[in-house]
Engineer: 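One structure, as structure tokens, below. Some questions next.
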Amino acid sequence: MGQNPYSPHTDADRAAMLARVGVTSVDELLTAVPIDARGPAMGVPPGLSELEVQAHMERIAALDRTAGAGPFFIGGPVQRRYIPAAVPVLALRGEFLTAYTPYQPEVSQGTLQALWEYQSLVSELLAMDVVNSSMYDGSTAVAEAALMAVRLTGRRRVVVANEVFSQFRQTLATYAKGPELEIVEVPTRELAASPTDAACLIVQHPDAFGTLVGVRAIADAAHAAGALCVQVTEPHANALLEPPGALGVDIAVGEGQPLGIPLSFGGPHLGIIACRDALVRQMPGRIVGQTVDASGTRGFVNTLQTREQHIRREKATSNICTNEAIAAITASVYLSLMGPRSLRAAARIGVARAHALADRLARLPGVSAGTEAPFFDRFALRSPLGGGLRTALLADGIFVGEGIGRHYSGCGDGVTIQCTELTTDADIDALVAAVEGMTARRPVAAS
Amino acid sequence: MSSVPDDLRYSKEHEWVRVDGETATVGITAFAQEQLGDVVFVELPEKGARVRQHSSLGVVESVKAASDVYAPLSGEVLERNVKVIESPELVNSQPYGDGWMIKVRLADKGELAALLSPDDYRSHIGEGSAAAGD
Amino acid sequence: MSRIRFETGAVTEMPALEPLLYELQRPGRTGRHVRGGEEADALIPAAFARVAPLPLPELSEPQVVRHYTHLAQLNYSVDAGMYPLGSCTMKYNPKINDRAASLPGFADIHPHQPDETVQGALRLFHELQELLAGISGMDFVTLQPAAGAHAEFTAMLMFKAYHLARGDPKRRRVIVPDSAHGTNPASAAMCGFDVTTVRSDGRGNVDLDALTAALGDDVVGFMLTNPNTLGLFEERVREVCAAVHAAGGLVYGDGANMNALLGVARPGDLGFDCVHINVHKTFSTPHGAGGPGAGPLCVKRHLEPFLPVPRVIKDGAGTYRRESLIEHPSSIGRVRSFGGNFGVLVRAYTYIRTLGEEGLVETGRDAILAANYLLALVREGYDVAYERTPMHEFVLTAAKQKTQGANGLDIAKALIDEGFHPPTVYFPLIVPEALMIEPTETEPKETLDAFAAALLRIAKRIETDPKAVHDAPVKAPLRRLDEVAAGRKPVLRYRPG
């Protein structure tokens, strides 16, 4: 005994507890367990001291190259952005972090008010009526939005633009295997012509390549055909671009990680889902509402719970239970600290850097940067090296985004370049110089 | 004891029916609303919708429970009670009055035979006939 | 718990514990976290530029810090006290786990980085897959699911793919016990399956006769929590699994209660085809006010072809890489954007390596001892739902107290006034006035004694003056909240004016 460093029990405690139970060993409490299955070997190495485990974890972590170690242009749904110092200090306080779902509202007002404020802040950012208190990530928010549209329209066909993040489309395709929905992928430019019999049209703006998309016309086309319009969005873009709620969108979804949440190799992140008031009964996940206590003091509770699995079981709007609440609280702290000014500034810097970088790259022979259409803070970089540019740049210590050809059919080949407020002039110089060197080494005719 | 008015017919799923010529008014019983607790939400079909006997016509919800409302009779919805949608507490306070849910034009009067009498309904909910009214 | 005080000139429309961000804000009051970039405005065509106002609150950093500090102080948490929510395993969350997850080599790496630049993260993924396979007695593991329910959905998709691959498309029905978590039927329904519920028997086990009667050649599988939500080990678990297998179905293990099985028994040795593990329960990762968790899914070999992608494998050369859909054509695909809730998984890995084999064995046994000890203390005041030796948690029924004039909810609220977080109440659904209590292995004996004393005091109070608990809690920051009003007129966000 004494093997679990977090166990408070002394041998004397255990003896006293066993005596009170009326047994001499825990083994006597296990009679329901098949004898031959009891006490299995698990193959776990012997335990470590805290110092030893810290050293072990540092050794493993040191095998990774961090995003901050050099020029970094990977982005997409997950973006390397500045996190104000107060964000983790507040959001990761033990009182938030080590509580659970606020089943007992009288002792969970911190969680509930923070989540209600999150719902309010993100509603304003997206200009949507209602936001839930989180989904797992952007991709499952997209999938759940599609399921929601299917329930609302009674139709089984979902049309999604090719230029939606590949991970989101792939997750949607997986989810669709459950209820056996028909998923149709079309280029964004054909979306408005595709709503026949569709439950929803799913458009991303800015799209996976940063291109700005005319969402309003797509929403109008959807509505004219009795379909819903789902927009995949990203938080910072809404500081500068007309938000989904002003574009006629019915359900807005996105990855909330850029709101102060670390990259963490892809999770835990934050699925954002928002909708119009009229659709809230079909929304998945937890929602916090305002009310009063018995003495008339304002307070907050989980509400509209009859949508959820613990009450509706197989008729629930979703199976989600544990969500990403601490990520929503983190986003709430982030938005409170940034306010409209710093949020706009962060978004603007990304846009400005991306355009400055694209201009310089486009001057290189054989290189195209961005598309003919206006773009936001991300663009496609096409060169004679195609997607191979990614590996080539890595040798120079420069990270660029995913190869396009593999994940986006009909979108040509190349890599994506994301800029944020953390992109520096030196990063830009390094990337331009490296691409210049590579394209100069290869005759343009090879393309 | 739950109120079971003598001038109504009942379903086993705890709906009541008041027949007036070709029209039937439908609601849920006092017993049903007591089981549910404070009703917070009522969802009803639009005017013109067709409902079929024994199939779900809508939903009533309390904070911790959701329950389908089943059509005790088939027919076309002539009117839905907008007041009960706006003020779901009427289901609790006046289940047989302002808490009614829909009016239906009867498709088949023969279906009435499948409904319970007040006495049958009282025994269905485990209350003797002495419990009539209150 | 202290009722907090704050200094503010904010005008609030109604009494409040802490003003809203919106009540604290003033236009022009803001920090300077990021500035610049004005040249971007000319780069965004007018047709796309935001015209809608952006009414986010404007606050100084000191205000924000106090706001969230005050809010935090309104919460009950594991860091503050015993939190015996049944089936949630609210054990202590070690701080070294959090520190490990925040190491730059883990927190500051992007999921799109090439494999060769994230060998540490991939190694951790791979080692954790192997560790969880050994702990669960399964052959393969996916770390993708973000939570238990997500793992259930993943497994239901895999079951579907499994039956289809065997040329058996008619299986459309999933069976769950009446004691199951709501996520089980909800996950099955998301896969388009019908759900059949089977009753429990008088000892709290699955009723084997009822199960057998429900089985048929249209059955996809059976979802079973073991120990079940009554805290009881399924006494005929192997017969149950064998019956499902004989009908051509698969057995899903809901690992919500895996803490009881650490070093005691492995689902893989009991007949399950797969089991998920809630690392936020069993492996001490913080519950995060509702999440994130992580729900690794551990499966037997016959389900391996259907696991989600990407998966992390170790090449002969000792390097790690992510395998794609092309390499796994039978895979159900991706169930989320990236490989898993990595920050949570790092914490779980840290915990497993800290405890080691012997520590994990001790954990399971201590959890079981704590539950049995606590039950022995409180049973003089409460009826037990099923008279059997529980594993890591037990379910009381307050049916007796209800006849005396106070119900399970009153008892829960009275516990708040005694300084404890209430247990899970009104679940499982098959127990009237259920109080589901899980103390975990990390509460010292003195705390268990104090909790039992509080529960017994409440029972005594109910015997003599049941009305006394109707007003509880009176010592919490708020009195009971009006959930009915919240439901009738939903106010789901701040609206100015």
Side-chain angles (χ1 to χ4, degrees), chain A residues 3-4 8 13 17 26 32 37 43-44 46-47 57 60-61 63-66 90 94-95 97-101 106-107 109-111 120 136 139 167 170 174 178 246 262 264-268 289-291 293-294 297 303 309-310 313-314 316 319 322-323 325-326 339 342 345 348-349 351-352, chain C residues 15 30 33-34 37 40 52 68 71-72 74-79 100 103 105 107-108 111 117 119-120 134 146-147 149 182 185-187 189 191 195 233 265 269 286-293 333-334 337-338 341-343 356-359 362 365 373 444-445 476 478-479 486 491 493-494:
Chain A
Q3 300 294 330
N4 173 353
D13 289 337
M17 290 161 73
V26 170
V44 178
M57 298 309 286
I60 299 179
L63 300 173
D64 294 331
R65 225 202 83 169
T66 62
L90 296 173
E95 298 94 329
L97 192 62
T98 74
Y100 198 20
T101 303
E106 298 85 356
V107 288
Q109 283 301 303
T111 296
S120 303
Y136 302 136
S139 77
Q167 294 81 12
Q170 289 169 21
T174 305
S264 278
F265 201 45
Q290 180 183 296
T291 187
D293 79 347
T297 304
T303 193
Q309 47 77 28
H310 60 286
R313 297 175 80 85
E314 63 267 28
N319 67 340
T322 289
N323 55 18
I326 208 75
S342 287
R348 280 171 170 152
I349 295 170
V351 171
Chain C
T30 179
H33 296 96
V34 183
Y68 287 100
L71 288 183
L74 297 174
N75 262 10
Y76 194 102
S77 64
V78 171
D79 276 3
L103 287 169
D108 191 29
T117 69
Q119 283 296 299
S187 299
C191 276
V195 177
F233 193 93
D269 299 334
H287 282 70
R334 188 185 282 278
S337 289
F338 302 107
N341 273 353
F342 181 68
E357 178 104 358
E358 295 304 317
E362 190 178 283
R365 296 170 69 90
Y373 175 66
K445 178 174 171 297
L478 284 182
R479 305 290 297 279
V491 180
R493 56 173 290 195
Y494 176 77

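Since the structure is predicted, the reported quantities are computational estimates derived from the model, not experimental observations. Quick note on labels: first sequence line is chain A, next is B, and so on, each numbered from 1.
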Engineer: To check you understand the geometry: which heavy-atom pair defines the closest contact between A:Gln3 and C:Glu362, and what is its length?
Structural biologist: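 The answer is N-OE1, 2.8 Å.
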Engineer: Report the option among C:Ala265, C:Gly333, C:Pro444, C:Ala72 that has the most heavy-atom pairs separated by less than 4.5 Å from atoms of chain A.
Structural biologist: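 If we count pairs closer than 4.5 Å to chain A, C:Ala72 comes out on top.
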Engineer: Taking salt bridge (charged side-chain N to carboxylate O under 4.0 Å, His left out) as the test, write out the residues that go with C:Glu357, two or more places apart.
Structural biologist: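 Applying salt bridge (charged side-chain N to carboxylate O under 4.0 Å, His left out) to C:Glu357 gives none.
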Engineer: To check you understand the geometry: which heavy-atom pair defines the closest contact between A:Val107 and C:Ala476, and what is its length?
Structural biologist: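 Looks like CG1-CB, 4.3 Å.
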Engineer: Where does C:Thr30 contact chain A at under 4.5 Å (heavy atoms): side chain, backbone, both or neither?
Structural biologist: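 Contact with chain A is through the side chain of C:Thr30 alone.
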Engineer: Mind ranking C:Ala189, C:Ala100, C:Ala149, C:Gly293 by heavy-atom pairs under 4.5 Å with chain A and telling me who comes out on top?
Structural biologist: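 Going by pairs under 4.5 Å, I would pick C:Ala149.
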Engineer: Tell me which of these, C:Gly37, C:Ser187, C:Gly288, has more heavy-atom pairs under 4.5 Å with chain A than the rest.
Structural biologist: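 Max contact count across the listed options: C:Gly288.
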Engineer: Taking all atoms of both residues into account, what is the closest heavy-atom pair of A:Pro262 and C:Ala107, and its distance?
Structural biologist: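 Heavy-atom minimum between the residues: CB-O, 3.8 Å.
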Engineer: Between A:Leu90 and chain C, which part of the residue has a heavy atom less than 4.5 Å away: side chain, backbone, both or neither?
Structural biologist: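 Contact with chain C involves the side chain of A:Leu90 alone.
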Engineer: For residues A:Ser139 and C:Ser337, report the shortest heavy-atom separation together with the two atoms involved.
Structural biologist: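 Heavy atoms only, the tightest pair is OG-N, 3.0 Å.
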Engineer: With chain A as the partner, which of C:Asp108, C:Asp79, C:Val491 has the greatest number of non-hydrogen pairs under 4.5 Å?
Structural biologist: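 Most pairs with chain A among the choices: C:Asp108.
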Engineer: Check whether A:Thr303 gets within reach of chain C through its side chain, its backbone, both or neither, counting any heavy atom under 4.5 Å.
Structural biologist: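 Contact with chain C is through the side chain of A:Thr303 alone.
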Engineer: When you measure from the side chain of A:Asn319 to the backbone of C:Ala186, do you find a donor-acceptor pair of N or O atoms at a distance under 3.5 Å?
Structural biologist: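 Side chain of A:Asn319 to backbone of C:Ala186: no pair is present.
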Engineer: Can you tell me how far apart OG1 (A:Thr98) and CG (C:Asn75) are? Round to the nearest 0.5 Å.
Structural biologist: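 A:Thr98 atom OG1 to C:Asn75 atom CG measures 8.5 Å (nearest 0.5 Å).
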Engineer: Taking all atoms of both residues into account, what is the closest heavy-atom pair of A:Gly94 and C:Ser77, and its distance?
Structural biologist: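 That would be O-CB, 3.7 Å.
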Engineer: Can you list everything that forms a salt bridge (charged side-chain N to carboxylate O under 4.0 Å, His left out) with A:Asp13? Sequence neighbours excluded, please.
Structural biologist: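 Scan of A:Asp13 (salt bridge (charged side-chain N to carboxylate O under 4.0 Å, His left out), adjacent residues dropped) gives none.
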Engineer: Rounded to the nearest 0.5 Å, what separates atom NE2 in C:His287 from atom OG1 in A:Thr322?
Structural biologist: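 Rounded to the nearest 0.5 Å, the NE2-OG1 separation comes to 6.5 Å.
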Engineer: Can you name the nearest heavy-atom pair linking C:Gly182 to A:Gln309, along with the distance?
Structural biologist: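 Minimum heavy-atom contact is C-OE1, 3.2 Å.
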Engineer: Who among C:Val34, C:Val78, C:Leu103, C:Val195 has the most heavy-atom pairs with chain A under 4.5 Å?
Structural biologist: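 Of the candidates given, the most pairs with chain A belong to C:Val34.
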Engineer: Let's test your reading of the structure: which of C:Gly105, C:Ala40, C:Gly291 forms the most heavy-atom pairs below 4.5 Å with chain A?
Structural biologist: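 Ranked by contacts with chain A, first place is C:Gly291.
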Engineer: Out of curiosity, C:Tyr494 OH to A:Gln290 CD, how far, rounded to the nearest 0.5 Å?
Structural biologist: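 Here the interatomic distance stands at 10.5 Å.
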